[in-house]
Amino acid sequence: MERGRGQWGSVFRGMIPLLGLHTLSEYSRLDRKPPITAALLAANTIIYLRPKFIHPFLPTIDQVWFNPHLILKYTDLKRFFLSPFFHVNESHLVYNMLSLLWKGIQLETSMGSAEFASMVATLVAMSQGVTLLLAKSLLLFFDYERPYYNEYSVGFSGVLFAMKVIVNSQSDEYTSVHGLMVPTRYAAWAELVLVQMFVPGVSFLGHLGGILAGLLYLQLKASYSGLNPVRQFMRGFSHALSWPLRLVKSLFRHRPRITGRGTAGARIARDTLHTWRCDACTFDNSGRLNVCEMCGTGRTGDAPSSPGSTSEIHDLSLEELRRRRIQRFGR
């Protein structure tokens, strides 16, 4: 089950290079590259490959199998939270990551990275929790112990089913699910049945838990109008991580430039807070100037006037005004 992982030579002969090329191709077409989707793709792939520099820190797949009996008996949170990020084999990983690539780009682009990250974290916990609740309920009410309560499963597909529900929730169109045309909003249910029928060894309860988690997430989001604490945490975390970039930008930011109409920034000299209006051409000049910057007419009056004040305008001809401007800017 773990054969080939950690051996980098076998990586280049499998499906993972094709996954990488497809991901690069999709990202190259986007103006904004979704970072959380890329991070999830990288995390799942690295965990599967188990490179030597992180191998000692990663648990084995036997330590993280999602098993309702073991999770409830030993309160094993490691199995509860880490099992979605482990995959049985290369085809399992690639199929899930291709699905994550398509759904992640759509959702993260539409809702933003912070909200998408909070949604994924919520769906991981909710899909695992719903699956655990379903397995325990089947044991208590129907005595289904062996098929579901003692089932071992891993993979990101439960979260992907929840994401599929969210992506298709507002669609009124039809889509093809393995050749079967169904309403798009019910595509996840059709895929649940078809995958269970034609793909051996999949977790029906895990996929069903993902669909129910997606529906529950939509319901809670529609009924809860307050601030999402998970999203607020993600925004604060991303804001903290981006402070070096903001620091660099502030160091190279242009200084305020003084113009005839005032200043471009907030840090200005006290005497430039006032302006005076030229009686000849009505141009607003800085309080530090005694000659109009536009036509060259000398400043009249001691009190500076604001841009909104009215003053008498001399009856100058257009030719005279043009001559003064040429004389002012031509020297």
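Residue numbers start at 1 and run along the sequence shown.
Closest non-hydrogen pair, Leu132 versus Pro68, comes out as CD1-CA, 3.5 Å. Nearest heavy-atom pair, Pro59 versus Arg50, reported as atom, atom and distance to 0.1 Å: O-NH1, 2.9 Å. Between Leu101 and Glu26, the closest heavy-atom pair is CD2-CG, 3.9 Å. In this structure, Thr131 and Leu205 approach most closely via the heavy-atom pair OG1-O, 3.7 Å. Taking every heavy atom of both residues into account, Thr184 and Ser171 meet most closely at CB-OG, 3.4 Å. Considering every non-hydrogen atom in both Arg79 and Phe66, the closest pair reads O-CD1, 4.1 Å.
Panel note: side chain Ser127, backbone Val124; a donor-acceptor pair is recorded below 3.5 Å. Using a distance-only test at 3.5 Å, with no hydrogens or angles considered, a donor-acceptor pair links the side chain of Asn67 to the main chain of Asn150. Distance alone, capped at 3.5 Å, places no donor-acceptor pair between the Ser25 side chain and the Leu21 backbone. In this structure a side-chain-to-backbone donor-acceptor pair under 3.5 Å is missing from Ser99 to Asn96. Judged purely by atom type and a 3.5 angstrom limit, Tyr48 uses its side chain to pair as donor or acceptor with the backbone of Glu90.
Within the model, atoms CG of Leu160 and CH2 of Trp102 stand 11.0 Å from one another, a figure rounded to the nearest 0.5 Å. The distance from the CG atom of Leu212 to the CZ atom of Phe161 is 11.5 Å, given to the nearest 0.5 Å. Once rounded to the nearest 0.5 Å, the distance linking CG of Leu58 with CD of Gln63 reads 10.0 Å. The CD1 atom of Ile16 sits 6.5 Å away from atom OG1 of Thr45, with the distance rounded to the nearest 0.5 Å. Separating the CD atom in Gln128 from the CG atom in Leu82 is a distance of 9.5 Å, to the nearest 0.5 Å. The CG atom of Leu123 sits 7.5 Å away from atom CE of Met163, with the distance rounded to the nearest 0.5 Å.
Note on Val120: it clusters hydrophobically with Ile46, by side-chain heavy-atom contacts below 4.5 Å among ILVMFWY residues. Put simply, Trp189 and Leu218 are part of the same group of oily side chains (I, L, V, M, F, W, Y) that touch within less than 4.5 Å, one to the next. Cluster annotation: Phe53 and Ile47 are assigned to the same hydrophobic cluster (Ile/Leu/Val/Met/Phe/Trp/Tyr, side-chain heavy-atom contacts under 4.5 Å, transitive). Leu140 is connected to Leu208 through a chain of hydrophobic side-chain contacts under 4.5 Å among Ile, Leu, Val, Met, Phe, Trp and Tyr, so both are in one cluster. No chain of hydrophobic side-chain contacts below 4.5 Å, direct or via other Ile, Leu, Val, Met, Phe, Trp or Tyr residues, connects Val195 to Val159.
In this structure Phe85 satisfies the ring pair (Phe, Tyr, Trp, His ring centres under 6.0 Å) test together with Phe156, sequence neighbours excluded. In this view, Arg32 satisfies the salt bridge (charged side-chain N to carboxylate O under 4.0 Å, His left out) rule with no residue, not counting sequence neighbours. Among residues two or more places apart in sequence or in another chain, the salt bridge (charged side-chain N to carboxylate O under 4.0 Å, His left out) test is passed with Asp31 by none. A search for side chain to side chain donor-acceptor pair (under 3.5 Å) contacts involving Thr109 returns nothing, not counting sequence neighbours.
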Determine all donor-acceptor pairs shorter than 3.5 Å in which one atom belongs to a side chain in residues 33-43; sequence neighbours excluded.
{"from": "Lys33", "atom 1": "NZ", "to": "Tyr27", "atom 2": "O", "distance (Å)": "2.6"}
{"from": "Lys33", "atom 1": "NZ", "to": "Leu30", "atom 2": "O", "distance (Å)": "2.4"}
{"from": "Thr37", "atom 1": "OG1", "to": "Gly104", "atom 2": "O", "distance (Å)": "3.3"}
{"from": "Thr37", "atom 1": "OG1", "to": "Glu108", "atom 2": "OE1", "distance (Å)": "2.7"}

Cut-off 3.5 Å, no hydrogens considered: what does the side-chain donor-acceptor table look like for residues 173-182, sequence neighbours left out?
{"from": "Ser176", "atom 1": "OG", "to": "Gly179", "atom 2": "N", "distance (Å)": "3.3"}

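In this structure, the side chains of His207 and Val202 come closer than 4.5 Å at one or more pairs of heavy atoms. Contact annotation: the side chain of Glu115 never approaches that of Leu107 to less than 4.5 Å [non-hydrogen atoms, C-beta and beyond]. Side-chain contact between Ile166 and Met119: present, with at least one pair of heavy atoms (C-beta onward) separated by less than 4.5 Å. Side-chain atoms of Tyr149 and Leu72, non-hydrogen and from C-beta on, do get closer than 4.5 Å to each other.
Ring-plane geometry between Tyr148 and Phe204 is classed as tilted, the angle between the planes lying from 30 to 60 degrees on a 0 to 90 degree scale. Under the 30°/60° scheme for interplanar angles, the aromatic rings of His87 and His92 are found to stand perpendicular.
For the residue pair Asn89/Ser91, the side-chain donor-acceptor check at 3.5 Å is satisfied.
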